[in-house]
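To start, the structure itself, in structure tokens.
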Amino acid sequence: METAETAEPVIQISAAEIDNTLHIRIRDNGPGMTADIQQKIFEPFFTTKPIGEGTGLGLSVVYNIMQRLDGSIHCESEPGVFTEFTLLLPLKQENAQAD
């Protein structure tokens with residue numbers, strides 16, 4: 001049986017507009033994450049990499065950018081199977097003013 005460690009790496013990216021919101025999904029067939037790690041991945045300086053090999057800022061920065069854009073980012077993962085991030089961005093703002 002093929003596992004995340006032996007499978008050919010695959011990344012799937014899709015985008016769709018649903019109810020004036022852009023849904024972007026990024027999914028891989030990597031090693032996945034436990035629920036404990038998923039709860040921490042958006043915290044500044046959290047990393048699963050060895051000391052000196054990662055700052056742990058990437059997903060924290062993305063999370064803050066999404067918040068500033070009135071969007072959101074979510075993660076779903078199953079250890080040994082996949083990880084999928086979903087980014088939701090509003091396409092229309094209620095009180096947008098023309099320049």
Side-chain angles (χ1 to χ4, degrees):
M1 182 173 158
E2 228 176 325
T3 66
E5 290 81 27
T6 62
E8 183 71 26
V10 175
I11 296 176
Q12 299 170 319
I13 301 171
S14 64
E17 178 184 344
I18 302 170
D19 297 327
N20 292 323
T21 302
L22 178 60
H23 292 235
I24 301 170
R25 296 185 192 282
I26 304 162
R27 182 183 180 112
D28 71 27
N29 65 336
M33 293 180 268
T34 64
D36 183 51
I37 289 176
Q38 287 181 59
Q39 291 177 354
K40 299 175 186 174
I41 60 172
F42 297 116
E43 294 175 10
F45 305 109
F46 176 78
T47 182
T48 58
K49 295 179 182 177
I51 294 173
E53 292 189 25
T55 62
L57 289 174
L59 287 173
S60 173
V61 169
V62 171
Y63 181 86
N64 286 324
I65 290 170
M66 295 302 292
Q67 293 285 311
R68 286 185 175 196
L69 295 173
D70 293 326
S72 61
I73 181 170
H74 308 278
C75 176
E76 181 181 353
S77 186
E78 184 175 332
V81 182
F82 76 96
T83 297
E84 180 173 279
F85 287 93
T86 303
L87 293 84
L88 304 175
L89 289 163
L91 294 175
K92 296 181 181 177
Q93 296 181 0
E94 293 295 321
N95 296 321
Q97 296 179 357
D99 290 328

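Every residue was checked against the ring-ring contact (aromatic ring centres under 6.0 Å, His included) condition with Phe82, not counting sequence neighbours, and none meets it. Applying the side chain to side chain donor-acceptor pair (under 3.5 Å) test to His74 and every residue at least two apart in sequence or in another chain returns Ser72. Checked against side chain to side chain contact (heavy atoms under 4.5 Å, CB included), Leu59 has the following partners two or more places apart in sequence or in another chain: Ile41, Phe42, Phe85.
A side-chain donor-acceptor contact under 3.5 Å links Gln38 to the backbone of Met33. Using a distance-only test at 3.5 Å, with no hydrogens or angles considered, no donor-acceptor pair links the side chain of Asp28 to the main chain of Pro9.
Between Thr83 and Ser77, the shortest heavy-atom contact is OG1-OG, 2.9 Å. Taking every heavy atom of both residues into account, Ala7 and Asn29 meet most closely at CB-ND2, 3.7 Å.
The CG atom of Leu89 lies 12.0 Å from the CD atom of Glu17; values are rounded to the nearest 0.5 Å. Between Gln12 atom CD and Glu84 atom CD the span is 8.0 Å, to the nearest 0.5 Å. Atoms OG1 and CG, from Thr21 and Leu91 in turn, are 6.5 Å apart once rounded to the nearest 0.5 Å. Atoms CZ and OG, on Phe45 and Ser60 in that order, are 7.5 Å from each other to the nearest 0.5 Å. Atom OG1 in Thr48 sits 10.5 Å away from atom CD in Glu53 (nearest 0.5 Å).
Cluster annotation: Leu88 and Tyr63 are assigned to distinct hydrophobic clusters (Ile/Leu/Val/Met/Phe/Trp/Tyr, side-chain heavy-atom contacts under 4.5 Å, transitive). Note on Ile18 and Met66: separate hydrophobic clusters, where clusters join Ile, Leu, Val, Met, Phe, Trp and Tyr whose side-chain heavy atoms are under 4.5 Å apart, directly or indirectly. There is a path of hydrophobic side-chain contacts, each under 4.5 Å, that joins Leu87 to Ile13.
In this structure, Asp19 places its CG atom where only 12 or fewer heavy-atom neighbours from other residues, nucleotides or ligands lie under 6.0 Å away.
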